[in-house]
Amino acid sequence: MKKILFYPGTFNPPHFGHASAVKVALENITFDEVWILPSGKRVDREIPTSPKDRKDLGNVFVKYLRSVISIPVKLIMAAIENDGRYTHEIIVELKSQSENEIFQLCGIDGFLAIKERVIGLNEKFVIIKRSGYEFPEELTLNNNLVILEEEVGGISSTKIREMVKNGDERYKKLVPEGITSYIEENGLYR
């Protein structure tokens with residue numbers, strides 16, 4: 001049985017904050033593989049970027065991750081290439097069908113958004129702290145919830161998209177070079 005760090009997210013676009021979250025988790029816990037799942041249909045928001053661009057951005061991000069971490073990284077496209085189901089349904093299915101020990105990586109804000117509606121009793125999480133969010137005292141810390149004290153920088157995909165739209169070239173310092181090239185070559189977020 002492998003121990004998997006599973007990281008679902010919008011990744012629109014992927015940025016150094018996403019990569020940093022993976023690195024922080026790997027510095028604190030030993031995993032055998034990292035699985036990246038770009039989200040598809042969601043209950044909380046629409047994602048206007050095309051499925052093709054999301055797949056391509058995911059591939060570029062995984063290529064970058066493979067260059068900065070030493071364990072295998074796998075891109076899972078099931079949520080983008082789905083039959084109309086919501087991403088959280090695909091996540092539940094992936095976890096239930098795997099024989100691996102899967103820890104889902106998310107920021108505290110993401111965990112708080114999903115904890116009431118989609119988390120089963122035995123699901124395991126690695127939660128990264130973020131400024132402005134506190135872990136609820138009523139939740140019991142156990143072997144299924146690992147809180148990492150390191151805060152990952154305040155980079156957001158929304159901010160990056162706004163910067164690109166407004167012609168603010170400083171966004172290039174927030175994303176891997178391959179992501180910058182893809183955004184520029186394909187005219188994304190304009």
Side-chain angles (χ1 to χ4, degrees), residues 1-23 25-26 31-107 109-111 113-114 117-120 123-126 128 152 155-158 160-161 164 174-189:
M1 175 186 331
K2 292 181 181 177
K3 190 171 181 180
I4 307 297
L5 180 64
F6 176 55
Y7 194 10
T10 307
F11 304 113
N12 188 31
H15 52 67
F16 287 132
H18 296 126
S20 182
V22 171
K23 288 182 200 176
L26 295 177
F31 289 98
D32 298 304
E33 290 182 3
V34 175
W35 293 357
I36 303 294
L37 176 91
S39 58
K41 186 177 176 185
R42 294 179 52 152
V43 296
D44 61 337
R45 70 179 88 157
E46 291 289 321
I47 304 171
T49 307
S50 76
K52 180 200 179 306
D53 286 329
R54 305 267 325 293
K55 289 179 195 177
D56 292 344
L57 286 168
N59 282 315
V60 173
F61 183 56
V62 165
K63 182 178 179 183
Y64 171 76
L65 283 176
R66 288 176 179 154
S67 75
V68 297
I69 63 174
S70 62
I71 64 173
V73 182
K74 178 179 174 182
L75 182 64
I76 300 173
M77 300 308 277
I80 291 176
E81 300 170 344
N82 76 64
D83 56 7
R85 292 177 296 157
Y86 287 99
T87 296
H88 69 269
E89 295 170 314
I90 293 166
I91 290 171
V92 169
E93 181 179 297
L94 284 169
K95 287 179 178 181
S96 69
Q97 291 178 350
S98 178
E99 296 177 5
N100 297 306
E101 182 180 22
I102 298 176
F103 283 78
Q104 184 171 325
L105 176 63
C106 61
D109 53 330
F111 179 79
I114 65 171
R117 61 183 161 86
V118 297
I119 297 177
E123 289 190 71
K124 298 177 180 188
F125 284 83
V126 175
I128 305 285
V152 175
I155 303 172
S156 86
S157 294
T158 301
I160 291 168
R161 290 191 306 272
V164 172
L174 306 176
V175 298
E177 187 176 324
I179 299 295
T180 298
S181 297
Y182 190 88
I183 290 170
E184 296 289 315
E185 290 166 11
N186 293 280
L188 289 186
Y189 313 126

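Just so you know, these numbers come straight off a predicted model, no measurement behind them.
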### Task
Examine distances only and state if a side-chain atom of Arg66 and a backbone atom of Ile71 form a donor-acceptor pair shorter than 3.5 Å.
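No, because the side chain of Arg66 does not come within donor-acceptor range (under 3.5 Å) of the backbone of Ile71.
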### Message
Quick one: does any side-chain atom of Arg161 pair with a main-chain N or O of Asn12 as donor and acceptor, under 3.5 Å?
### Response
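Yes, Arg161 side chain to Asn12 backbone: donor-acceptor pair under 3.5 Å.
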### Query
In chain order, what residues pass the side chain to side chain contact (heavy atoms under 4.5 Å, CB included) check against Glu81, with sequence neighbours excluded?
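Partners of Glu81 under the side chain to side chain contact (heavy atoms under 4.5 Å, CB included) test: Lys55, Met77.
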### Message
Donor-acceptor pair, distance only, cut-off 3.5 Å: does the side chain of Thr87 make one with the backbone of Ala79?
### Response
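Answer holds: no.
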### Task
Name all residues meeting the side-chain hydrogen bond (donor to acceptor under 3.5 Å, both in side chains) criterion together with Ser96; count only those two or more places apart in sequence or in a different chain, and write none if there are none.
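Counting only residues at least two positions away or on another chain, Ser96 forms no side-chain hydrogen bond (donor to acceptor under 3.5 Å, both in side chains).
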#### Entry: Residues forming a side chain to side chain contact (heavy atoms under 4.5 Å, CB included) with Ser67, sequence neighbours excluded
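Testing Ser67 for side chain to side chain contact (heavy atoms under 4.5 Å, CB included), a comparison that skips the adjacent residues, returns Tyr64.
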### Task
Could you tell me which residues satisfy salt bridge (charged side-chain N to carboxylate O under 4.0 Å, His left out) with Lys63, sequence neighbours excluded, listed by chain and number?
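For Lys63, no residue satisfies salt bridge (charged side-chain N to carboxylate O under 4.0 Å, His left out) once neighbours in sequence are set aside.
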### Message
Treating Ser98 as the side-chain partner and Asn100 as the backbone partner, does any N or O pair qualify as donor plus acceptor under 3.5 Å?
### Response
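Indeed, once roles are kept as given, a pair shorter than 3.5 Å links the two residues.
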### Query
Is there a donor-acceptor contact under 3.5 Å from the side chain of Asp53 to the main chain of Thr49?
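Side chain of Asp53 to backbone of Thr49, a donor-acceptor pair under 3.5 Å: no, none is there.
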### Query
What salt bridge (Lys or Arg N to Asp or Glu O under 4.0 Å) pairs are there with at least one residue in residues 86-104, not counting sequence neighbours?
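Found Arg85-Glu93, Lys95-Glu123, Glu101-Lys124.
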### Task
Indicate whether any N or O donor in one side chain lies under 3.5 Å from an N or O acceptor in the other, for Thr10 and Arg54.
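Thr10 vs Arg54: no donor-acceptor pair found between side chains.
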### Query
In chain order, what residues pass the ring pair (Phe, Tyr, Trp, His ring centres under 6.0 Å) check against Phe11, with sequence neighbours excluded?
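Listed in chain order: Tyr7, His18, Phe61.
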